[in-house]
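Structure record follows, encoded as structure tokens.
The shown structure was predicted, so the numbers you read here are calculated from the model rather than taken from an experiment. A, B, ... follow the sequence lines: proteins, then strands. Residue 1 opens every chain.
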Amino acid sequence: MQDIKAILREKAVDSTLTAKGWVRTKRDTKNAIFVELNDGSCFGNLQCVFDANTIGDTVRGQLDRLNTGAACAISGRLVASPAAGQPVELQATSAEVIGEAPVDSYPLQKKAHSLEFLREIAHLRPRTNTFGAVARVRNQMAFAVHSFFQERGFNYVHTPIITASDCEGAGEMFQVTTLDMDAMVKAGKPVDYAKDFFGKKSFLSVSGQLNVETYCMALNKVYTFGPTFRAENSNTTRHLAEFWMIEPEMAFAELPDNMALAEDFIKYLLGWALDKCAEDLDFFDKRIQKGLVQMLDSVRGSTFAHMTYTDAIKQLEQNKDSFEFKPFWGCDLQTEHERFLSETVIKGPVIVTDYPKEIKAFYMRLNDDGKTVRAMDVLVPKIGEIIGGSEREYRHDVLLQRIRDLGLDEAAYWWYLDLRRFGSAPHSGFGLGFERLMRYVTGMENIRDVIPFPRAVKQADF
RNA sequence: UCCCCUGUAGCUCAGCUGGCAGAGCAAGUGGCUGUUAACCACUGGGUCCGUGGUUCAAAUCCGCGCGGGGGAGCCA
């Protein structure tokens with residue numbers, strides 16, 4: 001059986017076929033009954049037309065039960081459509097209800113629903129135009145990620161999801177345990193993690209970076225792409241407790257190589273979306289964010305601006321009246337600063353580099369000035385930070401000193417330091433939040449609407 | 001964690017300084033040159049989030065609780 005995408009693409013007029021899917025809407029007139037069928041294979045529906053004067057009682061009985069949301073099979077002959085709106089349609093002769101969707105209880109109606117409402121019915125929202133399109137684009141973007149790296153000789157490395165090391169340092173972690181909390185509370189005894197599953201306290205990983213660096217020092221070009229967990233109490237349109245992150249890492253690569261990779265990567269992904277998801281992007285352009293396609297297309301053909309943190313601060317200081325938080329050298333860039341740089345100063349993506357070491361992670365390569373590190377953030381309009389990365393500190397003594405200066409537990413980093421003791425080499429990488437990419441590509445504002453089942457503070461339904 | 005907004009029909013919302021519960025869409029019925037966010041007419045549809053208080057009278061004012069949204073911080 002052909003899916004609707006193939007039927008609409010091949011337009012095999014005069015062929016007899018059966019289409020199965022879900023009813024989006026049904027319209028009655030005196031002489032004709034129109035059923036819009038969607039099977040998720042593409043954005044478009046197959047319009048099925050029944051001649052009200054010639055269909056028998058059996059078909060009419062089935063049509064009476066075909067409400068919005070019902071699953072059904074419709075057979076007939078494909079014809080060129082006499083009306084505007086669709087090149088072909090199904091001249092239907094039979095209809096079979098496979099699964100009803102009673103109108104008095106099915107939550108989705110043939111009208112627009114708010115994204116907030118649809119979030120409450122996450123099990124049904126993929127049946128809407130918006131979330132069907134999001135799902136298809138998400139699928140294409142995931143495939144594009146692998147395609148990009150595979151074409152360039154990167155090896156996909158599966159870094160662990162559970163970690164017993166407390167040294168990832170990228171945020172609050174979810175604890176993983178098989179200990180019986182209720183029993184321990186009842187007994188009033190202190191927790192003995194030696195009795196826990198791993199014999200020590202363990203967590204869900206907040207980043208695969210430290211682990212993937214080990215493979216980078218063996219295979220050179222590597223990347224991870226998997227779920228990541230942060231137990232931050234953050235409630236925003238751009239944070240999730242469970243999200244997917246892509247982290248490439250390259251050996252013998254310095255910051256400029258890293259910046260070039262990030263730029264190529266973003267442009268490749270946008271180009272892929274434009275090429276493979278045109279129909280879905282048209283919808284986002286029309287209903288979600290006007291001008292989206294044109295914006296993506298112009299970014300695809302652009303050259304990303306580069307700016308050091310020091311220059312960025314100078315730019316911000318010249319416009320300090322527009323900010324709630326006054327910028328100064330050494331301050332962390334606020335969201336309003338990041339957006340000003342990409343939206344007003346550059347009017348497009350910008351890579352900011354060489355941040356003060358105090359506001360960046362311990363593993364970033366220290367510059368010769370002793371004050372800044374070779375960090376880079378890719379900032380894009382509307383979204384803000386979409387990529388964060390750096391050249392890594394590969395000098396053993398410098399890294400060790402950084403760990404000590406920050407009061408970190410150097411014993412916990414023994415294997416990470418070993419990478420710098422044996423065959424160390426400059427290397428660089430970055431992290432791209434997959435859902436932030438999805439927000440950028442689709443124009444969807446809330447990150448909870450670009451992942452099938454969002455996990456956030458006080459939200460783990462479905 | 002902090003700040004702001006919000007909760008009324010299936011959905012989106014209006015309901016003013018307290019005085020009979022409303023609209024659009026959806027649904028049902030009927031109509032209608034092939035419609036496409038169909039159209040026209042009629043009809044049904046309510047624990048005004050919960051709880052306590054003020055009052056002759058509370059959807060409306062006040063306290064508490066719960067839910068939703070936006071912003072900030074943290075970051076991807």
Side-chain angles (χ1 to χ4, degrees), chain A residues 24-37 44-53 64 67-69 79 81-86 89 91 102-121 128-129 168-172 206-209 224-225 227-247 262 286-287 324-325 332-339 359-361 377-380 383-389 430-440 445-449 451 456-459 461:
Chain A
R24 276 294 165 80
T25 171
K26 184 173 67 173
R27 293 180 293 273
D28 280 286
T29 68
K30 189 175 189 179
N31 298 315
I33 298 156
F34 299 87
V35 174
E36 296 268 354
L37 202 62
N45 303 321
L46 178 64
Q47 175 165 277
C48 307
V49 189
F50 295 83
D51 184 338
N53 302 310
D64 286 343
N67 305 306
T68 298
V79 298
S81 179
Q86 57 284 316
E89 65 187 26
Q91 197 76 57
V103 290
D104 54 356
S105 53
Y106 184 61
L108 293 175
Q109 305 163 353
K110 56 178 203 179
K111 69 183 284 292
H113 288 290
S114 68
L115 297 173
E116 291 80 7
F117 172 67
L118 294 172
R119 244 169 256 156
E120 293 167 10
I121 48 168
T128 63
N129 283 337
E168 295 181 352
E172 292 297 312
V206 295
S207 165
Q209 184 202 314
T224 72
F225 183 9
T228 308
F229 306 89
R230 306 252 169 112
E232 304 286 350
N233 186 10
S234 55
N235 207 316
T236 75
T237 56
R238 56 187 187 283
H239 290 86
L240 289 167
E242 176 184 296
F243 63 100
W244 288 65
M245 185 155 65
I246 299 134
E247 295 172 290
K286 210 174 294 167
R287 294 295 170 91
E324 189 181 342
F325 294 92
D332 213 346
L333 293 184
Q334 306 289 318
T335 299
E336 58 177 344
H337 300 151
E338 295 181 341
R339 292 190 59 167
I359 58 173
K360 287 292 180 183
D377 284 355
V378 180
L379 312 178
V380 299
I383 309 291
E385 182 181 344
I386 195 168
I387 279 179
F430 60 79
L432 169 78
F434 188 58
E435 286 74 20
R436 291 196 178 169
L437 168 76
M438 283 295 298
R439 290 213 302 147
Y440 193 42
E445 291 197 349
N446 196 314
I447 200 165
R448 296 170 195 207
D449 294 333
I451 188 168
V457 184
K458 299 261 160 53
Q459 184 174 40
D461 296 328

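Distances shown here put every side-chain N or O of A/R27 at or beyond 4.0 Å from the OP1 or OP2 atom of B/rC39. Of the side-chain N and O atoms in A/N129, none sit less than 4.0 angstrom from OP1 or OP2 of B/rA37. When the side-chain nitrogen and oxygen atoms of A/T335 are compared with OP1 and OP2 of B/rG73, one or more of them lie within a distance under 4.0 Å. For the OP1/OP2 pair of B/rG34 and a distance below 4.0 Å, the side-chain nitrogens and oxygens of A/N31 include at least one atom meeting the criterion. An OP1 or OP2 oxygen of B/rA37 is reached within less than 4.0 angstrom by no side-chain nitrogen or oxygen of A/K110. Contact annotation: A/T29 side-chain N/O to B/rU35 OP1/OP2 distance is not under 4.0 Å.
Nucleic acid contact for A/L437: none, since no nucleic acid atom lies under 4.0 Å from a heavy atom of the residue. Contact annotation for A/I33: no contact, since no heavy-atom pair falls under 4.0 Å across all strands. A/Q47 comes within contact range of at least one nucleobase, with a heavy-atom separation under 4.0 Å. Heavy atoms of A/S81 sit under 4.0 angstrom from at least one base atom. A/T236 comes within contact range of at least one nucleobase, with a heavy-atom separation under 4.0 Å. In this structure, A/E336 reaches neither bases nor backbone, as no heavy-atom distance under 4.0 Å exists between it and the strands shown. Counting any heavy atom pair closer than 4.0 Å across all strands shown, A/E324 reaches no nucleic acid atom.
Contact annotation: side chain of A/R436 to base of B/rC75, donor-acceptor pair present below 3.5 Å. No N or O donor and acceptor, one from the side chain of A/R238 and one from the base of B/rA76, sit under 3.5 Å apart. Residue-to-nucleotide contacts include a donor-acceptor pair under 3.5 Å from the side chain of A/E89 to the base of B/rG34.
Among the nucleotides B/rU35, B/rC32, B/rC74, the one closest to any side-chain atom of A/E232 is B/rC74. Of the candidates B/rA72, B/rA76, B/rG34, B/rG34 carries the atom nearest the A/V49 side chain, counting heavy atoms from C-beta on. The side chain of A/A83 has B/rU35 as its nearest neighbour among B/rU35, B/rA72, B/rG28. In the set B/rU35, B/rA72, B/rA76, the nucleotide with an atom closest to the side chain of A/E385 is B/rA76. Checking B/rC75, B/rU1, B/rG69 against every side-chain atom of A/R119, the shortest atom distance belongs to B/rG69.
Between the A/E89 side chain and the A/V49 main chain, no donor and acceptor come within less than 3.5 Å of each other. A/R230 places a side-chain N or O within 3.5 Å of a backbone atom of A/V206 that can act as its donor or acceptor partner.
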With the criterion being N/O to N/O and under 3.5 Å, what pairs connect the protein with nucleotides 6-11 of chain B, and how long is each?
residue: B/rG10; atom: O2'; partner: A/Q109; partner atom: NE2; Å: 3.3
residue: B/rG10; atom: N2; partner: A/Q109; partner atom: OE1; Å: 3.0
residue: B/rG10; atom: N3; partner: A/Q109; partner atom: NE2; Å: 2.9
residue: B/rC11; atom: O2'; partner: A/K111; partner atom: NZ; Å: 3.3
residue: B/rC11; atom: O2; partner: A/K111; partner atom: NZ; Å: 3.2

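Annotation: the span from A/F225 atom CZ to A/M245 atom CE amounts to 11.0 Å, rounded to 0.5 Å. Here the CD atom belonging to A/E445 is positioned 7.5 Å from the OG1 atom belonging to A/T237, to the nearest 0.5 angstrom.
Atom name P, nucleotides B/rC61 and B/rU8: the rounded distance is 15 Å, in whole Å. Nucleotides B/rG28 and B/rG65, compared at atom P, are 43 Å apart to the nearest Å. If you take atom P in B/rG18 and the same atom in B/rG63, they sit 16 Å apart, rounded to whole Å. Atom P of B/rG52 sits at a distance of 14 Å from the matching atom of B/rU60, rounded to the whole Å. B/rA26 and B/rA37 have their C1' atoms separated by 12 Å, with the value rounded to a whole Å. Distance check on atom P: B/rC13 versus B/rC40 gives 23 Å, rounded to whole Å. B/rG24 sits 30 Å from B/rC66 when the C1' atoms are compared, rounded to a whole Å. Going from the P atom of B/rU47 to that of B/rU29 covers 24 Å, rounded to whole Å.
The interatomic distance linking A/K26 (NZ) with B/rG34 (C1') rounds to 17 Å, in whole Å. For A/N235 and B/rA72, the CG to P distance is 12 Å, given to the nearest whole Å. If you measure from atom CZ of A/R24 to atom P of B/rA26, you get 17 Å, rounded to the nearest angstrom. Atoms CG (A/L333) and C1' (B/rA72) sit 16 Å apart, rounded to a whole Å. Atoms CG (A/L118) and C1' (B/rG69) sit 15 Å apart, rounded to a whole Å. One atom, CG of A/L108, and another, C1' of B/rA37, lie 15 Å apart when rounded to the nearest Å. The distance from atom CG of A/N45 to atom P of B/rU35 is 18 Å, rounded to the nearest whole Å.
Not a single ring-ring contact (aromatic ring centres under 6.0 Å, His included) links A/F325 to another residue, sequence neighbours left out. Every residue two or more places apart in sequence or in another chain that forms a side chain to side chain donor-acceptor pair (under 3.5 Å) with A/Q459 is listed here: A/R448. Partners of A/N67 according to the side chain to side chain donor-acceptor pair (under 3.5 Å) rule, which considers only residues two or more places apart in sequence or in another chain, do not exist here. With sequence neighbours excluded, the residues that form a side chain to side chain donor-acceptor pair (under 3.5 Å) with A/K360 are A/D377. Scanning for ring-ring contact (aromatic ring centres under 6.0 Å, His included) contacts around A/F243 gives an empty result, with sequence neighbours left out. Listed by chain and number, the residues in a side chain to side chain donor-acceptor pair (under 3.5 Å) with A/D104 amount to none (sequence neighbours excluded).
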Reading nucleotides 45-50 of chain B from the 5' end, what letters show protein touch, with B for base, S for backbone sugar-phosphate only, - for no heavy atom under 4.0 Å? ------
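For residues 233-247 of chain A, no residue pair satisfies the salt bridge (charged side-chain N to carboxylate O under 4.0 Å, His left out) rule, not counting sequence neighbours.
Across the strands present, B/rA72 finds its partner in B/rU1; the criterion is a Watson-Crick or G-U wobble pair with both atom distances under 3.5 angstrom. Under the Watson-Crick or G-U wobble criterion, with both distances below 3.5 Å, B/rG45 has no partner in any strand shown. Summarising the base pairing, B/rU33 is matched to no nucleotide, lacking a Watson-Crick or G-U wobble pair whose two defining distances lie under 3.5 Å.
Using a 5.5 Å limit on the distance between ring centres and a 30° limit on the angle between planes, the aromatic ring of A/F34 does not count as stacked on the six-membered base ring of B/rG34.
Projected onto RNA chain B by closest heavy-atom contact, A/A32 and A/D28 fall at different nucleotides, the more 5' of which corresponds to A/A32.
Residue A/E36 forms a salt bridge (Lys or Arg N to Asp or Glu O under 4.0 Å) with just one option from A/R24, A/K26, A/R27, and that option is A/R27.
Judged purely by distance below 3.5 Å, without hydrogens or angles, the side chains of A/Q86 and A/S81 pair a donor atom with an acceptor atom.
Side-chain contact between A/V378 and A/L432 is absent, with no heavy atoms from C-beta onward closer than 4.5 Å.
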